[in-house]
Novice: 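Here it is, the structure, as structure tokens.
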Amino acid sequence: QAKGDTSPLLHNMMGATVAAYRQAKCASCLECVGVAVEVFGPAQGLSASFGGLFGDVSGISFQAVQASGVDAHPEVVAAYFDLAYRYLLFCPDAILAHPSFHGVLDLSLACLPLKEKEPLRAVFVFLDRVTTTQSPHWEQYAEAWFVSKGADLFRGVIFALSDTCPQEALARLSPLLFHLAARMGPQGEQWIVAALSSPQYPVPAAVLDDGAKHNFMQAMRNLGGAQRRFQAMVVDFANVCRRQNTADA
């Protein structure tokens with residue numbers, strides 16, 4: 001009840017925070033919203049208000065990224081996806097049902113080629129949480145996007161794994177790939193094969209030949225139910241792609 005009684009004050013505070021974010025594009029504004037979501041998001045009757053708040057900060061974030069590119073605002077990208085993750089944890093209906101949700105997923109896709117650890121970490125954690133969304137929310141809000149954009153998503157994840165993702169962020173990428181593969185099943189496997197065989201695949205055949213790619217796919221099938229071993233195998237694969245290990249190690 002005490003949380004509910006603070007809603008007028010909360011509304012004013014969040015209005016001021018959004019105004020400050022619109023002016024300065026400062027990551028700390030998003031962190032402030034995230035604290036409010038964590039504290040007040042689970043309270044009854046605030047979902048619509050937090051949904052509107054999410055729409056406001058998303059619109060500002062989208063405009064900033066469109067104006068100068070995702071790589072120009074690493075701190076904002078990291079804070080934005082940390083905020084989206086907090087929404088999924090503490091006030092999921094406010095983000096999943098919001099009209100901007102698929103735009104958030106599109107933005108996460110555009111961020112996969114980034115080379116900075118913190119924004120990628122936040123993107124991977126957000127996507128992992130969405131990928132593990134339970135029924136009926138998955139079917140209602142997420143599944144259609146993953147079916148429509150799945151080929152691009154798996155391509156982005158595999159290219160990041162093989163080349164652009166910083167070593168320090170692989171610990172967040174490997175569980176995402178595990179859950180994506182489990183969620184999308186045979187279709188996901190086809191998308192991974194397509195990514196590995198793409199002419200744009202960034203690892204030359206001298207480093208990773210067709211036999212090594214086949215072995216990777218076979219290991220994925222064999223370890224589909226063993227998350228820790230799957231993730232360790234994925235990191236080993238990344239190290240081979242980066243010439244830090246050999247395919248027969």
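Since we're looking at a predicted model, the values are computed, not measured.
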Novice: Side chains of Glu189 and Met220, heavy atoms from C-beta outward: is any pair under 4.5 Å?
Specialist: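 Of all side-chain heavy-atom pairs linking Met220 with Glu189, none is under 4.5 Å.
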
Novice: Do Tyr141 and Phe101 have their ring centres less than 6.0 Å from each other?
Specialist: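 No.
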
Novice: Any side-chain heavy atom of Val123 sitting closer than 4.5 Å to one from Leu114?
Specialist: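 Result no, sub-4.5 Å side-chain heavy-atom pair not found.
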
Novice: About how many Å separate CG of Leu180 and CD1 of Ile192, when rounded to the nearest 0.5 Å?
Specialist: 8.0 Å

Novice: Just wondering, do Cys111 and Leu120 contact through their side chains at under 4.5 Å, heavy atoms?
Specialist: no

Novice: Got Val125 and Leu176 here, is their nearest side-chain heavy-atom distance under 4.5 Å?
Specialist: no

Novice: Report yes if the distance between the aromatic ring centroids of Phe126 and Tyr85 is under 6.0 Å, otherwise no.
Specialist: no

Novice: Using the rule given for side chain to side chain contact (heavy atoms under 4.5 Å, CB included), can you reason through Trp145 versus Leu153, listing the C-alpha separation, both sets of side-chain angles and the distance that settles it, and then say yes or no?
Specialist: CA-CA 10 Å; Trp145 185 90; Leu153 175 60; 4.0 Å; yes

Novice: If the test is side-chain contact (heavy atoms from CB on, under 4.5 Å), which one of Thr132, Leu83, Ile95 qualifies with Leu88?
Specialist: Ile95

Novice: Roughly how far, to the nearest 0.5 Å, is the CZ atom of Arg243 from the CG atom of Leu208?
Specialist: 10.5 Å

Novice: Any Lys/Arg nitrogen of Lys117 or Glu168 sitting under 4.0 Å from an Asp/Glu carboxylate oxygen of the other?
Specialist: no

Novice: Look at the side chain of Arg121 and the backbone N and O of Ala169, then say whether any donor-acceptor pair between them is shorter than 3.5 Å.
Specialist: no

Novice: Between the side chain of Thr133 and the main-chain N/O of Val130, is any donor-acceptor distance below 3.5 Å?
Specialist: yes

Novice: Does Gln23 CD have over 12 foreign heavy atoms under 6.0 Å away?
Specialist: no

Novice: Minimum heavy-atom separation for Val70 to Val65, with atom names?
Specialist: CG1-CG1, 3.2 Å

Novice: Start with the C-alpha gap between Trp191 and Asp152, add the side-chain angles, then the distance that decides, and say whether side-chain hydrogen bond (donor to acceptor under 3.5 Å, both in side chains) holds.
Specialist: CA-CA 8 Å; Trp191 286 330; Asp152 293 332; over 6 Å; no

Novice: What verdict does the side chain to side chain contact (heavy atoms under 4.5 Å, CB included) test give for Tyr201 and Arg155, after you've listed the backbone C-alpha separation in whole Å, the side-chain angles of each residue and the deciding distance to 0.1 Å?
Specialist: CA-CA 9 Å; Tyr201 184 66; Arg155 175 189 172 103; over 6 Å; no

Novice: For Ser174 and Leu170, indicate whether the former's side chain and the latter's backbone hold a donor-acceptor pair under 3.5 Å.
Specialist: yes

Novice: So does Arg172 pair up with Asp128, basic N to acidic O under 4.0 Å?
Specialist: no

Novice: List the atom of Val57, the atom of Tyr21, and the distance in Å for their closest heavy-atom pair.
Specialist: O-CE2, 3.7 Å

Novice: Would a distance-only check, ignoring hydrogens and angles, find a side-chain to backbone donor-acceptor pair under 3.5 Å from Thr17 to Met13?
Specialist: yes

Novice: Does the pair Asp71/Lys115 count as a salt bridge with the N-to-O cut at 4.0 Å?
Specialist: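 No, no charged N to carboxylate O under 4.0 Å.
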
Novice: For a quick test of reading the model, state the closest non-hydrogen atom pair linking Leu112 to Val157 and the distance between them.
Specialist: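 That would be CD1-N, 3.9 Å.
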
Novice: For side-chain hydrogen bond (donor to acceptor under 3.5 Å, both in side chains), just list the numbers for Tyr80 and Ser58, CA-CA rounded to whole Å, side-chain angles, deciding distance to a tenth of an Å, and then say yes or no.
Specialist: CA-CA 8 Å; Tyr80 178 74; Ser58 293; 2.7 Å; yes

Novice: Could you go step by step and tell me if Cys91 and Leu46 meet the side chain to side chain contact (heavy atoms under 4.5 Å, CB included) rule?
Specialist: CA-CA 9 Å; Cys91 199; Leu46 294 181; over 6 Å; no

Novice: Specify the closest pair of heavy atoms between Phe154 and Ala195, including all atoms of both residues, with the distance to one decimal.
Specialist: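 That closest heavy-atom pairing would be O-CB, 4.4 Å.
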
Novice: I need the Thr131 OG1 to Trp138 CH2 distance, nearest 0.5 Å.
Specialist: 6.0 Å

Novice: Could you report the tightest heavy-atom contact between Arg86 and Val35, atom names first, then the distance?
Specialist: NH1-N, 3.1 Å

Novice: Nearest 0.5 Å please: distance from the OG atom of Ser28 over to the CD atom of Glu75.
Specialist: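 Interatomic distance, Ser28 OG to Glu75 CD, rounded to 0.5 Å: 11.0 Å.
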
Novice: Can you confirm whether the side chains of Gln218 and Arg221 place a donor and an acceptor under 3.5 Å from each other?
Specialist: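 Yes, because at least one side-chain N or O of Gln218 sits under 3.5 Å from a partner of the opposite role on Arg221.
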
Novice: Could you please spell out the steps behind the side-chain hydrogen bond (donor to acceptor under 3.5 Å, both in side chains) verdict for Ser68 and His73?
Specialist: CA-CA 8 Å; Ser68 53; His73 303 277; 2.7 Å; yes

Novice: In sequence, state the C-alpha distance, the side-chain angles, and the governing distance for Arg242 and Cys165, and then conclude on side chain to side chain contact (heavy atoms under 4.5 Å, CB included).
Specialist: CA-CA 10 Å; Arg242 296 149 194 261; Cys165 176; 3.8 Å; yes

Novice: For the CG atom of Leu10 and the OG atom of Ser49, what is their distance to the nearest 0.5 Å?
Specialist: 8.0 Å

Novice: Do the non-hydrogen side-chain atoms of Thr164 and Phe159 ever get within less than 4.5 Å of each other?
Specialist: no

Novice: List the atom of Cys241, the atom of Val207, and the distance in Å for their closest heavy-atom pair.
Specialist: O-CG1, 3.9 Å

Novice: Taking the side chain as every heavy atom from C-beta outward, state whether Pro175 and Phe230 have any atom pair closer than 4.5 Å.
Specialist: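 Contact flag for Pro175/Phe230 side chains = no.
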
Novice: Indicate yes or no: at least one non-hydrogen side-chain atom of Asp93 is less than 4.5 angstrom from one of Phe50.
Specialist: no

Novice: Can you tell me if His98 uses its side chain to pair, donor with acceptor, with the backbone of Gly51 under 3.5 Å?
Specialist: yes

Novice: Can you measure from CZ (Phe146) to NE2 (His102) and round to the nearest 0.5 angstrom?
Specialist: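 So the CZ of Phe146 and the NE2 of His102 are separated by 9.0 Å.
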
Novice: Please check this pair: side chain of Lys213 against backbone of Leu196, looking for a donor-acceptor N/O pair closer than 3.5 Å.
Specialist: yes

